[in-house]
A.B. asks: 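There's a structure below that I have some questions on.
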Amino acid sequence: MSTKPAELAKAYDPAAVEGRIYEFWESNDSFRADAASDKPPFTIMIPPPNVTGVLHMGHALNNTLQDIVIRHRRMAGYEALWVPGTDHAGIATQAVVEKQLFQEKNIRRQDLGREGFVAEVWKWREHHGDFILKQLRRLGCSCDWSRTKFTLDEDMVHAVMTAFVRLWEKGLVYRGARLVNWDCTLMTAVSDDEIEYVPRKGSLWYIRYPLPDGSGHLTVATTRPETMLGDTGVAVHPDDERYRHLVGKKIVLPLMGREIPLVADDTVDPEFGTGAVKVTPGHDPADYVRGAKHSLPVVNILNPDGTLNAEAGSYAGLPRAEARKKVVADLDALGLLEKIEEIDHNVAVSDRSKDAIEPLISEQWFVKMEPLAKPAIAAVKSGRLVFAPERWAKVYLDWLENVRDWCISRQLWWGHRIPVWYDEDQVPAASVTPLEIGSPHPKTGKPIVRQDEDVLDTWASSWLWPFATLGWPEHTPDLAKFYPTQFLSTAREIIYLWVARMVMAGYELLDHLPEDQRCPFDVCYINATVLDGIGRRMSKSLGNGIDPIEMIDRYGADAVRYSLVMLTREGQDVKLSENRFELGQRFCNKIWNATRFALANLDGVPDASPGDALEDRWILSRAGETVRVVSHALENYHFHDGAAELYRFFWNDLCDWYLEVAKRRLSGDGTAADRETARATLLRVLSVTLRLLHPYLPFLTEELWGYLPGTEETLIRAEWPADVDLPRDESAEADFDRMRDVVTAIRNVRASMNVPPSTAIEVLVDPEDPELGRVLAETRDLASPMARIESMTVQAGLTRPAGSAAAVVRGGTVYIPLAGIIDLDVERDRLAKEHERLVNLIGGAEKKLANENFVSRAKPEVVEREREKLESLRSDLAKVEAARKEMG
RNA sequence: GGGCGAUUAGCUCAGUUGGUCCAGAGCGCUCGCCUCACACGCGAGAGGUCACUGGUUCAAGUCCAGUAUCGCCCACCA
């Protein structure tokens with residue numbers, strides 16, 4: 001076992017435990033999975049964070065959940081594998097390194113050239129990459145680090161190339177000129193899913209387009225006046241009376257002087273602006289469609305860097321913003337600017353650069369999505385793949401059912417370079433293994449002259465993650481054993497970007513497997529979004545993020561994990577502030593101290609079996625119930641429910657009652673045999689409970705486990721408790737509850753009468769129900785210390801002592817003679833309040849039972865229960881009334 | 001414009017198939033306790049017309065319809 005202090009500290013100190021325990025696990029190879037194992041597999045693929053990433057709360061929550069699942073399954077008899085790794089994150093990483101190179105050495109990537117720059121990025125990764133994986137270790141994640149992957153690892157490259165070539169050969173990859181979302185800062189195309197719309201104040205410019213005969217003009221409204229330089233038409237609604245006579249005629253495009261047609265198109269909204277819209281097919285998606293419909297030419301006026309090109313005439317060379325100013329000024333000078341309105345509108349910006357997206361025509365690579373989407377849709381509709389919470393299935397399906405082709409080429413240097421080479425006639429050839437320059441083209445035989453310059457979208461490698469990490473396309477033992485996986489936990493933002501695409505890839509590429517084995521995971525769990533204390537997203541720009549590592553330093557990893565799970569109800573967003581981690585911290589400390597106390601009595605293996613004493617039977621029964629609840633919760637990924645049940649059981653059952661009640665026996669205040677059975681019971685319950693807690697609180701529980709007598713193996717590899725060994729003992733639970741009722745009632749009286757704990761009291765009980773009498777006779781030794789009772793008389797029909805307080809409990813009345821201490825007014829108030837409460841409840845029950853409809857139509861057992869309730873309430877009321885009468 | 005969430009104690013949230021977990025938990029608050037594991041603790045309390053309006057039902061935080069407020073996603077009007 002690991003080296004550890006001889007004595008447990010008074011308070012749990014995570015810092016003294018976590019590092020040591022984690023090393024202990026690693027040195028024992030505790031996280032490693034074996035493909036040759038006979039156990040059934042259970043696999044989780046980590047959503048690979050960006051290699052540049054730093055752990056945030058979303059990661060902390062997501063990876064805590066995955067670790068809980070994998071630890072539970074590992075204990076529950078599965079060959080559990082959690083594969084970690086990072087994503088090369090093309091744009092993000094390239095941007096980080098470019099920025100650093102510029103700041104530190106004042107060089108641009110163009111200065112280094114492609115090879116030089118890519119070498120710099122690799123260098124950066126060696127030094128700074130995978131930092132986040134180290135942070136995951138701090139959280140306690142039990143990933144199989146021996147299988148760590150990076151999306152640009154050699155075998156991953158091989159997988160990506162293979163996938164591309166296969167799709168190419170099936171005709172699912174094509175190249176073509178399309179209107180794409182262009183990021184002028186990063187100078188690359190980005191996919192539809194990588195842009196966002198932000199509301200901004202803008203202007204609507206009304207521009208006059210003259211008629212060629214000089215007889216007047218037509219006014220169009222636009223938010224992007226500079227794009228008029230690329231206009232190739234103007235459109236109006238066919239039913240618009242104002243313009244009907246002009247349809248088919250030519251109009252003069254100002255500044256450029258060319259004549260463009262006026263066309264009728266029913267996509268034009270007559271209500272907006274002037275009802276006439278300029279058509280710029282080269283720089284607007286809607287216009288691109290309109291232009292195609294009316295055979296209008298496409299004019300591209302932009303260079304990749306956002307400056308205007310030769311198509312813009314005299315404006316060539318100007319940056320976009322400058323061009324806009326000049327166009328507006330020139331139009332104004334010509335008297336063609338009718339007016340300017342201020343409007344609020346949405347501007348498309350790039351997720352990465354936050355620069356305004358310019359739609360422009362360019363040659364790109366696309367994946368045909370519709371054929372791939374079909375099996376992915378069927379997977380969810382058939383129930384093969386389920387989402388948790390279920391509602392996210394709809395989001396997934398909506399996207400897939402309306403999916404558009406995926407632009408997979410990026411004009412970057414960092415990433416998987418597209419495996420396509422061209423001969424001197426520009427005839428392409430795709431190949432998994434690189435084609436040498438000068439080697440013959442496999443089809444034409446002519447020499448290869450160049451490779452495609454573009455790299456693939458990052459998601460074009462991460463969509464292969466579930467199987468490429470296991471060695472695909474090779475048929476490795478890992479792939480055979482661990483694919484498909486069982487559980488995926490991720491964020492809702494990447495249902496389209498990642499989840500849907502992984503499913504498509506699985507069905508398309510794992511064609512050596514039977515249909516139902518291709519789906520990459522059984523369950524896709526969409527976890528909660530972590531918000532700040534007042535409900536805003538945590539973000540760098542707001543500076544409202546909470547650093548998980550800082551919280552781990554302050555509260556401990558287990559506390560962070562546990563608090564997050566307790567605060568997060570399935571998929572429901574959570575508002576988080578720093579002090580909320582105290583919840584987990586307190587619980588950890590409670591467990592630490594309770595176990596510390598138990599261990600003081602557990603020197604050596606007990607010489608007995610768990611006992612027959614009521615309290616022993618009770619806690620064993622409760623423990624069994626906890627095993628059932630927690631197992632069920634974890635099997636169904638109800639993390640919060642399991643955590644809450646453990647909290648309740650450990651604190652309220654085990655600590656508040658069992659430990660308190662067992663102290664007498666444990667301290668040797670009874671027979672030796674009594675002590676041994678108590679010790680055996682305690683050890684049994686602790687052993688079960690620490691195992692149940694382990695997935696949530698791995699460090700603390702592993703540490704404490706090492707101190708339990710008779711534990712040879714590590715907790716991480718211990719067996720999950722079986723509930724069959726701990727059957728429900730209903731009579732023990734019922735009896736214990738009766739005893740508890742009496743104790744609570746007495747404590748209540750003591751508190752309201754201000755009887756200090758140092759004053760022991762005398763108690764008399766009149767058990768109307770003989771069961772209560774029996775239980776109290778048996779449990780007198782249990783109850784007495786719990787309520788500081790000096791002597792307890794249990795006798796049916798006893799007369800109430802003068803000057804005593806009375807408390808009605810189920811099945812009887814408890815009298816507490818408090819001559820000299822009792823405040824009669826307080827007692828009168830207490831009884832009056834109790835009287836009122838009972839009268840109200842009785843009224844409700846009577847009314848209900850008087851309702852014939854209720855009696856005749858409700859289920860018989862419901863009616864019967866209501867009758868019993870009323871009866872018991874009436875009996876309680878009678879007792880209270882008697883007590884009040886005696887007081888006078 | 002379309003879709004989806006949320007609205008329960010001062011705060012953060014639980015409340016499974018409608019009827020003893022129709023009112024819960026943690027924090028905070030009040031009162032009393034350094035009771036030989038824990039003051040990161042122990043015991044006892046106070047505190048809510050379950051957003052609003054209708055409806056279904058013998059019976060509704062719990063089902064249905066609508067309203068309001070807040071939030072998220074998708075689409076995007078030049």
Side-chain angles (χ1 to χ4, degrees), chain A residues 8 10-12 197 204-205 220-224 227 235 267-269 271-280 284-287 290 343 345-346 348 389 391-392 394-395 398-399 402 492-493 495-496 529 531 533 535-537 555 559 563 566-569 571-577 579-580 582-601 638 640-641 644 647-648 652 655-656 659-660 663 667 743-744 747-752 754-758 785-788 841 844 848 851-859 861-863 865-866 868-869 872:
Chain A
L8 275 69
K10 192 173 173 187
Y12 176 51
Y197 292 86
L204 189 61
W205 284 272
V220 301
T222 180
T223 53
R224 297 164 67 215
T227 64
T267 62
V268 177
D269 177 5
E271 305 293 320
F272 189 89
T274 61
V277 57
K278 58 196 271 309
V279 182
T280 321
D284 184 285
D287 288 356
R290 287 184 189 123
I343 59 161
H345 65 150
N346 289 333
R391 66 188 133 92
W392 295 108
K394 193 167 148 39
V395 174
D398 281 350
W399 185 76
N402 300 294
R492 66 191 62 159
E493 298 88 66
I495 292 176
Y496 313 133
T529 302
L531 307 171
R536 301 171 303 177
R537 280 185 108 83
Y555 298 99
S563 302
M566 280 295 274
L567 260 27
T568 310
R569 182 68 191 169
Q572 199 55 55
D573 293 352
V574 56
K575 289 185 201 148
L576 187 71
S577 50
N579 60 1
R580 315 231 45 198
E582 288 170 12
L583 168 66
Q585 187 190 31
R586 285 180 170 145
F587 189 43
C588 287
N589 195 243
K590 189 73 179 174
I591 294 168
W592 177 265
N593 274 294
T595 309
R596 194 163 68 98
F597 167 73
L599 288 170
N601 293 289
H638 297 152
H640 167 94
D641 294 354
Y647 187 94
R648 201 204 56 69
N652 302 128
C655 292
D656 290 350
L659 287 183
E660 291 303 328
K663 275 177 179 170
S667 67
V743 169
T744 303
R747 283 172 170 176
N748 185 317
V749 171
R750 292 187 68 117
S752 58
N754 276 320
V755 183
S758 51
M786 298 298 278
R788 297 281 295 141
L841 288 172
K848 216 168 181 181
N851 181 344
E852 270 181 45
N853 279 324
F854 171 71
V855 177
S856 61
R857 306 176 81 151
K859 279 179 282 186
E861 60 266 33
V862 173
V863 178
R865 238 183 290 151
E866 197 64 27
E868 283 169 15
K869 187 174 109 188
S872 135

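Convention: sequence-line order gives letters A, B, ...; per-chain numbering from 1.
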A.B. asks: Testing the basics here: between Glu582(A) and Tyr555(A), what is the closest heavy-atom pair and its distance to 0.1 Å?
C.D. replies: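 Closest approach of Glu582(A) to Tyr555(A): CG-CE2, 3.8 Å.
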A.B. asks: Below the 4.0 Å mark, does A39(B) have OP1 or OP2 next to a side-chain nitrogen or oxygen of Lys10(A)?
C.D. replies: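 For A39(B), OP1/OP2 do have a side-chain N/O of Lys10(A) under 4.0 Å.
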A.B. asks: Here's a test of your reading of the structure: between Met566(A) and Glu868(A), which maps to the more 5' nucleotide of RNA chain B?
C.D. replies: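 Counting from the 5' end, the first nearest nucleotide belongs to Met566(A).
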A.B. asks: If you check every side-chain atom of Arg857(A), which of C58(B), G45(B), G32(B) has the closest atom?
C.D. replies: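 Per side-chain heavy atoms of Arg857(A), the pick is C58(B).
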A.B. asks: Output the rounded distance in Å from OH (Tyr197(A)) to P (A75(B)).
C.D. replies: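 Tyr197(A) atom OH is separated from A75(B) atom P by 7 Å.
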A.B. asks: The side chain of Val277(A) is closest to which nucleotide in this list: C73(B), A78(B), C4(B)?
C.D. replies: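 In terms of side-chain proximity for Val277(A), the closest of C73(B), A78(B), C4(B) is A78(B).
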A.B. asks: Nearest 0.5 Å, please: how far is CG in Leu8(A) from CZ in Arg596(A)?
C.D. replies: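 Between Arg596(A) CZ and Leu8(A) CG, I get 7.0 Å after rounding to 0.5 Å.
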A.B. asks: Would you kindly give the CH2-to-P distance between Trp392(A) and C73(B), to the nearest whole Å?
C.D. replies: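 After rounding, the gap between these two atoms is 9 Å.
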A.B. asks: Please report, rounded to the nearest Å, how far the C1' atom of G19(B) is from the CZ atom of Arg865(A).
C.D. replies: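 Going from CZ in Arg865(A) over to C1' in G19(B) covers 7 Å.
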A.B. asks: State, without any angle test, whether Arg586(A) and Asn589(A) hold a side-chain donor-acceptor pair at a distance under 3.5 Å.
C.D. replies: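 No.
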A.B. asks: Tell me whether the side-chain N or O atoms of Glu866(A) pair up with the base of A59(B) as donor and acceptor below 3.5 Å, since no angle test is needed here.
C.D. replies: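 Per atom types, no contact qualifies.
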A.B. asks: Using only side-chain N and O atoms of Asn748(A), determine if any of them is under 4.0 Å from OP1 or OP2 of G45(B).
C.D. replies: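 For Asn748(A), the contact criterion (side-chain N or O under 4.0 Å from OP1 or OP2 of G45(B)) is met.
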A.B. asks: Rounded to whole angstrom units, what separation is found between the CG atom of Asn402(A) and the P atom of C73(B)?
C.D. replies: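 After rounding, the gap between these two atoms is 19 Å.
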A.B. asks: Output the rounded distance in Å from CD (Gln585(A)) to C1' (C27(B)).
C.D. replies: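 To the nearest whole Å, that distance equals 14 Å.
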A.B. asks: For G48(B), give the paired nucleotide (Watson-Crick: N1-N3 plus N6-O4 or O6-N4; G-U: N1-O2 and O6-N3; both under 3.5 Å), or none.
C.D. replies: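 Pairing partner, where one exists within any strand: none, as none qualifies.
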A.B. asks: Return the 5'-most residue of the pair Leu204(A), Asp573(A) with respect to RNA chain B, ranking by each residue's nearest nucleotide.
C.D. replies: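 So the residue in question is Asp573(A).
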A.B. asks: Does Phe597(A) have Lys663(A) sitting over its ring (NZ/CZ under 6.0 Å from centre, angle to axis within 45°)?
C.D. replies: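 Yes, Lys663(A) lies over the aromatic ring of Phe597(A).
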A.B. asks: Output yes when at least one side-chain N/O atom of Lys859(A) is less than 4.0 Å from OP1 or OP2 of G19(B), else no.
C.D. replies: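 So the side chain of Lys859(A) is outside the cut-off, no N or O lying under 4.0 Å from OP1 or OP2 of G19(B).
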A.B. asks: Under a 4.0 Å threshold between the charged nitrogen and the carboxylate oxygen, would Glu868(A) count as salt-bridged to Arg865(A)?
C.D. replies: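 No, Arg865(A) and Glu868(A) are not salt-bridged.
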A.B. asks: Do any side-chain nitrogens or oxygens of Arg569(A) fall under 4.0 Å of OP1 or OP2 in G15(B)?
C.D. replies: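 Answer yes for this pair, as a side-chain N or O of Arg569(A) is under 4.0 Å from OP1 or OP2.
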A.B. asks: Return the nucleotide paired to C22(B): Watson-Crick means purine N1 to pyrimidine N3 with N6-O4 or O6-N4, wobble means G-U with N1-O2 and O6-N3, both under 3.5 Å.
C.D. replies: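 Its partner: none found.
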A.B. asks: Taking any heavy-atom pair under 4.0 Å as a contact, classify Lys869(A): base, sugar-phosphate, or nothing.
C.D. replies: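 Nothing, no nucleic acid heavy atom in range.
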A.B. asks: Considering only side-chain heavy atoms of Phe597(A), which listed nucleotide, C40(B), G43(B), A37(B), is closest?
C.D. replies: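 Closest of the options to the side chain of Phe597(A): A37(B).
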A.B. asks: Would you say G41(B) has OP1 or OP2 under 4.0 Å from some side-chain N or O of Arg586(A)?
C.D. replies: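 Checking G41(B) against Arg586(A), a side-chain N or O does come within under 4.0 Å of OP1 or OP2.
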A.B. asks: When you measure only distances, ignoring hydrogens and angles, does the side chain of Asn589(A) come within 3.5 Å of the base of C38(B) through a donor and an acceptor?
C.D. replies: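 Absent.
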